[in-house]
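Please read the structure below before turning to the comments.
Order of the sequence lines fixes the chain letters, A, B, ..., with proteins taken first and strands second; residue numbering starts at 1 for each chain. For the numbers below, each heavy atom of this structure counts, side chains included, while hydrogens, waters and symmetry mates do not.
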There are 2 protein chains.
Amino acid sequence: MNLLLENIAKHVSLSNEEQERVLAFTETQHYKAKTILLKEGQVCTHSFFVLKGILRSYNIDENGVEHVVSFACPGWWIADMYSFLSQRPGQLYIEVNEDAEVLILSKENQEKLYLEVPKMERFFRILIENSLVANQQRLIDNMSFTAEARYDKFTKKYAELVHCLPQKQIASYIGVTPEFFSKMKARLLKK
Amino acid sequence: MNLLLENIAKHVSLSNEEQERVLAFTETQHYKAKTILLKEGQVCTHSFFVLKGILRSYNIDENGVEHVVSFACPGWWIADMYSFLSQRPGQLYIEVNEDAEVLILSKENQEKLYLEVPKMERFFRILIENSLVANQQRLIDNMSFTAEARYDKFTKKYAELVHCLPQKQIASYIGVTPEFFSKMKARLLKK
DNA sequence: GGAAACACTTAACCTAGATTAAGAAGTGGT
DNA sequence: ACCACTTCTTAATCTAGGTTAAGTGTTTCC
């Protein structure tokens with residue numbers, strides 16, 4: 001059974017024919033860990049739907065420090081949304097964390113899809129809505145909570161992921177340095 | 001000329017009849033400064049489109065500290081997106097900053113609108129997309145930049161707004177205390 | 001299989017920004 | 001006009017988290 005169709009079915013119901021149209025517009029690809037699918041300064045012409053493995057997006061600030069924007073495991077989409085939507089050069093990197101199998105949807109094909117299967121417009125609207133809500137929550141959390149509380153939230157929200165991710169990436173996601181993260185974990189263990 | 005229709009026209013083109021349908025689903029209201037339109041714990045059943053004045057949304061953390069999530073001036077929408085989309089109790093307050101005239105769209109009417117004027121689904125998708133992009137940028141900025149750089153970005157992005165907002169709200173938006181904000185501004189003046 | 005590169009830890013020291021407190025300057029309501 | 005209330009500022013002190021540096025595994029890859 002196809003993971004993408006399963007996910008779509010959670011939000012809109014497509015006929016068999018529509019399902020086939022959707023799949024016809026996507027392409028499967030396999031990537032090794034550490035493959036970089038998008039670099040800062042490039043236009044994000046495709047978005048990726050993860051079937052297997054883990055991807056992440058991040059930017060690198062003017063001091064060379066990496067900030068993880070998102071992780072994507074199976075069932076999740078990932079892209080530089082700014083760049084993908086505007087078709088302008090973006091600031092994000094997208095990199096394969098663990099050997100991955102992904103479905104690729106080009107911007108072009110997405111536009112065609114909206115025309116041929118209008119229900120997909122609703123589907124993507126809902127995805128973006130959820131993404132906005134999650135993002136806004138993260139903003140609020142970053143402003144309201146200490147690093148410790150953010151880490152706690154993270155381990156609960158991404159319980160399966162935590163064990164597959166290097167610590168420095170978790171540290172980066174919650175917004176602290178690897179050194180402080182290490183110190184914090186040691187402190188938590190004593191309790 | 002209607003500000004809402006102007007805004008819609010920037011993204012999708014509606015027939016006169018469709019325009020009338022849209023307006024029929026909204027309702028105009030006037031509010032005095034300091035009116036609270038939504039409180040934490042309530043379900044956000046309406047979203048607001050600002051015609052005149054300024055609104056803001058914020059949450060209050062467990063220490064009683066206010067964190068401004070967004071400002072809305074004429075031409076902008078504001079709502080607790082989590083609550084509005086899920087129709088569950090939210091954590092945001094929405095308050096009138098300056099005497100305001102707003103268009104109100106209920107969740108119910110929005111759903112009807114999607115059915116009667118399907119182009120509006122595209123319109124709102126685009127709004128949400130833009131909102132997501134802006135939000136993600138703010139997250140990255142908060143992780144990458146010092147308070148000073150964030151303030152600088154803020155004054156450029158909201159140049160007209162800066163003069164109408166109390167400093168503590170700007171401080172809250174960029175994520176510092178009013179005291180530190182004050183110190184920082186004094187420091188900037190010396191340069 | 002060995003060197004280089006990377007991941008993680010620990011510890012000493014440092015700093016951006018928080019906290020507390022107190023005064024000055026608006027602002028609004030009656 | 002006046003009192004109450006909130007906003008803004010300044011300054012002393014404090015702390016969460018950053019920086020630097022050094023040491024110990026662990027991968028990776030010729």
### Task
Please work out whether the ring planes of B:Tyr93 and B:Tyr58 are parallel, tilted or perpendicular, with thresholds of 30° and 60°.
parallel

### Query
DNA chain D: B:Leu165 or A:Arg150, which has the more 5' nearest nucleotide?
B:Leu165

#### Entry: Heavy-atom side-chain proximity of B:Tyr114 to B:Phe124 below 4.5 angstrom
yes

### Message
Taking any heavy-atom pair under 4.0 Å as a contact, classify A:Lys185: base, sugar-phosphate, or nothing.
### Response
sugar-phosphate

#### Entry: Value in whole Å for how far the P atom of D:dT26 lies from NZ of A:Lys168
18 Å

#### Entry: Protein-nucleotide distance (A:Asn63, atom CG; D:dT20, atom C1'), rounded to Å
15 Å

### Message
So that I can tick it off, tell me whether A:Glu6 and A:Lys10 are bridged by a salt bridge, with the cut-off set at under 4.0 angstrom between side-chain N and carboxylate O.
### Response
no

### Query
Nearest to the side chain of A:Glu179 - D:dT20, D:dA11, D:dG17?
D:dT20

### Task
Mind calculating the distance between CE (B:Met184) and P (D:dA11) to the nearest angstrom?
17 Å

### Task
Using the six-membered ring wherever Trp is involved, compare the ring planes of B:His11 and B:Phe123 and label them parallel, tilted or perpendicular (cut-offs 30° and 60°).
tilted

### Task
Please confirm whether the backbone N or O of A:Leu92 pairs with a side-chain atom of A:Asn59, one donor and one acceptor, at under 3.5 Å?
no

### Query
Is B:Asp152 reaching over with its side chain to a backbone N or O of B:Glu148, donor-acceptor style, under 3.5 angstrom?
no

### Message
Could you tell me the boundaries of the chain B footprint on DNA chain C, defined by atoms under 4.0 Å from its heavy atoms?
### Response
C:dG17 to C:dA21

